[in-house]
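These notes concern the structure reproduced below.
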Amino acid sequence: VDLTELQRMVRVLSPRVRMSSTFRFQPGSTRLDGPSQSNVMLLAQAIRNGEYTGRELLLVGFSDGRGPALANRDLSSARAEAVRRDLLQALGGTLPFNVTLDTEAFGEAMPIACDDSLWGQQTNRRVELWVREPGSN
């Protein structure tokens with residue numbers, strides 16, 4: 001991942017806070033694993049309950065480091081879109097008027113585990129929820 005992409009990631013994420021919700025996938029897949037499907041339902045419930053009123057939600061896709069960087073970014077983007085689609089479906093097709101939801105992807109740019117093991121690769125294949133609070137820049 002080149003410096004320009006890392007700088008873009010910092011610009012996009014710096015006004016936001018990473019939430020604990022994380023969504024995981026099988027290698028090369030955009031299909032959520034079982035616990036992540038439950039996380040989608042929990043996030044939908046939190047949105048319905050007003051926990052994210054007035055906030056901007058950003059689903060950010062990441063990948064492991066296997067394969068070409070551009071392909072990994074495309075896959076991480078498809079994963080973020082898959083979570084967005086499943087979340088909207090869980091919400092009955094629409095978001096509350098006072099919540100926004102976007103996606104972004106950075107591929108292998110921010111690993112949280114070493115890619116030398118299957119566990120590390122699985123850990124790095126994820127979509128994270130980032131939230132921008134009202135009034136933050």
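These numbers come from a predicted model, not from an experiment.
- For R79, there are no side chain to side chain donor-acceptor pair (under 3.5 Å) partners, not counting sequence neighbours.
- Across all non-hydrogen atoms, the minimal contact from E51 to R55 is O-NH1, 2.6 Å.
- D86 places none of its side-chain heavy atoms less than 4.5 Å from the side chain of F23.
- A donor and an acceptor atom, one from each side chain of R66 and Q121, are located under 3.5 Å apart.
- In terms of heavy atoms, W130 sits closest to M110 at CZ2-CE, 4.1 Å.
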What's the verdict on salt bridge (Lys or Arg N to Asp or Glu O under 4.0 Å) for R125 and D64, showing C-alpha distance, side-chain angles and the deciding distance?
CA-CA 5 Å; R125 289 189 300 267; D64 60 35; 2.8 Å; yes

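- With sequence neighbours left out, E108 forms a side chain to side chain donor-acceptor pair (under 3.5 Å) with N72.
- The minimum heavy-atom distance between E5 and F106, with the atom names listed, is OE2-CD2, 3.6 Å.
- Without hydrogens or angle criteria, S76 side chain to A105 main chain gives no donor-acceptor distance under 3.5 Å.
- Under the 4.5 Å side-chain criterion, counting only non-hydrogen atoms from C-beta, V127 is not in contact with V60.
- With hydrogens and angles ignored, the 3.5 Å screen pairs a side-chain donor or acceptor of D115 with a backbone N or O of G65.
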Considering only distance and modelled atom types, tabulate donor-acceptor pairs under 3.5 Å from the side chains of residues 37-47, sequence neighbours left out.
residue : atom : partner : partner atom : Å
Q37     : NE2  : L32     : O            : 3.2
N39     : ND2  : T22     : O            : 2.9
Q45     : OE1  : R48     : NH2          : 3.3
Q45     : NE2  : N49     : OD1          : 2.9

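- Between F62 and T123, the closest side-chain pair of non-hydrogen atoms is not below 4.5 Å.
- Residues D33 and S36 come closest through the heavy atom pair OD1-OG, 2.7 Å.
- In this structure, the side chain of R73 does not engage the main chain of A69 through any donor-acceptor pair within 3.5 Å.
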Could you pull out every donor-acceptor pair under 3.5 Å between side chains of residues 90-101 and any protein atom, sequence neighbours left out?
none

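- Take S21 and apply the side chain to side chain donor-acceptor pair (under 3.5 Å) test, not counting sequence neighbours, and it matches no residue.
- Residues passing the salt bridge (Lys or Arg N to Asp or Glu O under 4.0 Å) test with R84: none are found, sequence neighbours excluded.
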